[in-house]
Amino acid sequence: MSQTTQQKFQRIYQVVALIPSGQVASYGQVADLAGLPRHARLVSKALKLAPERLNLPWHRVIASQLKIAFPASSPMYIEQKQALLAEQVEFNGSKIQAKHHWQPDLFTLLQQLDY
DNA sequence: TTCGTGACGCAGT
DNA sequence: AACTGCGCCACGA
C-alpha cells in the first residue's frame with residue numbers, strides 16, 4: 001500500500017500543525033512522527049510547497065542541531081527567527097535553548113492524528 | 001530509466 | 001564552533 005506524495009505531505013502537515021507555540025521540532029523528528037523515517041528532506045520539500053492558506057507553523061521546524069536551517073542573514077532566516085522570538089523561543093547565539101525542543105507524549109499524539 | 005536536486009543528518013576534523 | 005564529506009531517498013525532468 002504505497003501512498004501518493006500528497007498523502008505523505010498531508011501527514012507531514014498534520015504533524016507540523018501539532019507543534020505547540022514556543023516549541024520546535026527537527027525535520028527528521030517530524031518525518032519520524034509522520035511515519036516517514038529517514039525522510040527529513042521530504043519534510044523540507046513539503047514545507048517549501050505548503051499552501052499558504054494552511055497557515056502552518058513552519059517556523060517551528062528546524063535542523064537537528066537546534067539551529068535554523070537557512071543561512072544566517074538570509075531573508076528566510078530573519079523571518080523564521082523573528083517568528084520564533086515572537087512566541088518567546090529563546091536563543092543562545094544561533095542555537096535554540098533545549099527547553100523549547102518539542103517532546104510530544106506519543107499516546108496523545110496518536111489520538112490527535114487521524115487513523 | 002537514469003540523474004540531479006535538496007528549508008536534512010551525522011560523524012569526523 | 002565551523003566545515004566538510006558522505007549517506008540518505010523521494011521526486012520530477
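Order of the sequence lines sets the chain letters (A, B, ...), proteins ahead of strands, with each chain counted from 1.
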Name the atoms and distances for all side-chain donor-acceptor pairs under 3.5 Å in residues 62-77 of chain A, with sequence neighbours left out.
from, atom 1, to, atom 2, distance (Å)
A/Ser74, OG, A/Pro71, O, 2.7
A/Ser74, OG, A/Tyr77, N, 3.3

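Residue contacts for A/Ser94: at a heavy-atom cut-off of 4.0 Å it reaches no nucleic acid atom on any strand shown. Base contact: A/Arg41 has a heavy atom under 4.0 Å from a base atom.
Here the side chain of A/Leu42 is nearest to one of B/dG9, C/dA10, B/dC8, namely C/dA10. The side chain of A/Ala63 approaches B/dG9 more closely than any other nucleotide in the set B/dG9, C/dC11, B/dA7.
Summarising the geometry, the separation between CZ on A/Phe70 and C1' on B/dG6 is reported as 12 Å, rounded to the nearest angstrom. Atoms CG (A/Leu36) and P (B/dG9) sit 14 Å apart, rounded to a whole Å. Here the P atom of nucleotide B/dA7 and the CG atom of A/Leu49 are 10 Å apart, to the nearest Å. The separation between A/Tyr27 atom OH and C/dC8 atom P is 22 Å, rounded to whole Å. In this structure, CD of A/Gln6 is placed 13 Å from C1' of C/dA10, rounded to the nearest angstrom. Nucleotide B/dC8 holds its C1' atom 14 Å from the CG atom of A/Leu66, rounded to whole Å. When the C1' atom of B/dC10 is taken as reference, atom CG of A/Asp32 falls 14 Å away, rounded to whole Å. What separates NZ of A/Lys45 from P of C/dC8 is a distance of 18 Å, to the nearest Å.
Taking 4.0 angstrom as the limit, A/Lys67 places none of its side-chain polar atoms (N or O) nearer than this to OP1 or OP2 of C/dA2. Taking only side-chain nitrogens and oxygens, A/Lys48 comes nearer than 4.0 Å to OP1 or OP2 of B/dA7. Side-chain nitrogen and oxygen atoms of A/His39 include at least one within less than 4.0 Å of the OP1 or OP2 phosphate oxygen of C/dA10. For C/dC9, one of the phosphate oxygens OP1 or OP2 lies less than 4.0 angstrom from a side-chain nitrogen or oxygen of A/Arg38.
Here the shortest heavy-atom pairing between A/Leu56 and A/Leu47 reads CD1-CD2, 4.4 Å.
The side chain to side chain donor-acceptor pair (under 3.5 Å) contacts involving residues 93-105 of chain A comprise A/Gln29-A/His101, A/Glu90-A/Lys99, A/Glu90-A/His100, A/Asn92-A/Gln97, A/Asp105-A/Thr108, where partners must be two or more places apart or lie in separate chains.
A donor-acceptor pair under 3.5 Å links the side-chain atoms of A/Gln7 to the main chain of A/Thr4, judged by distance alone.
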Checklist entry - Passes side-chain contact (heavy atoms from CB on, under 4.5 Å), A/Gln112 versus A/Gln14? Steps please. => result CA-CA 9 Å; A/Gln112 295 179 302; A/Gln14 284 183 56; over 6 Å; no
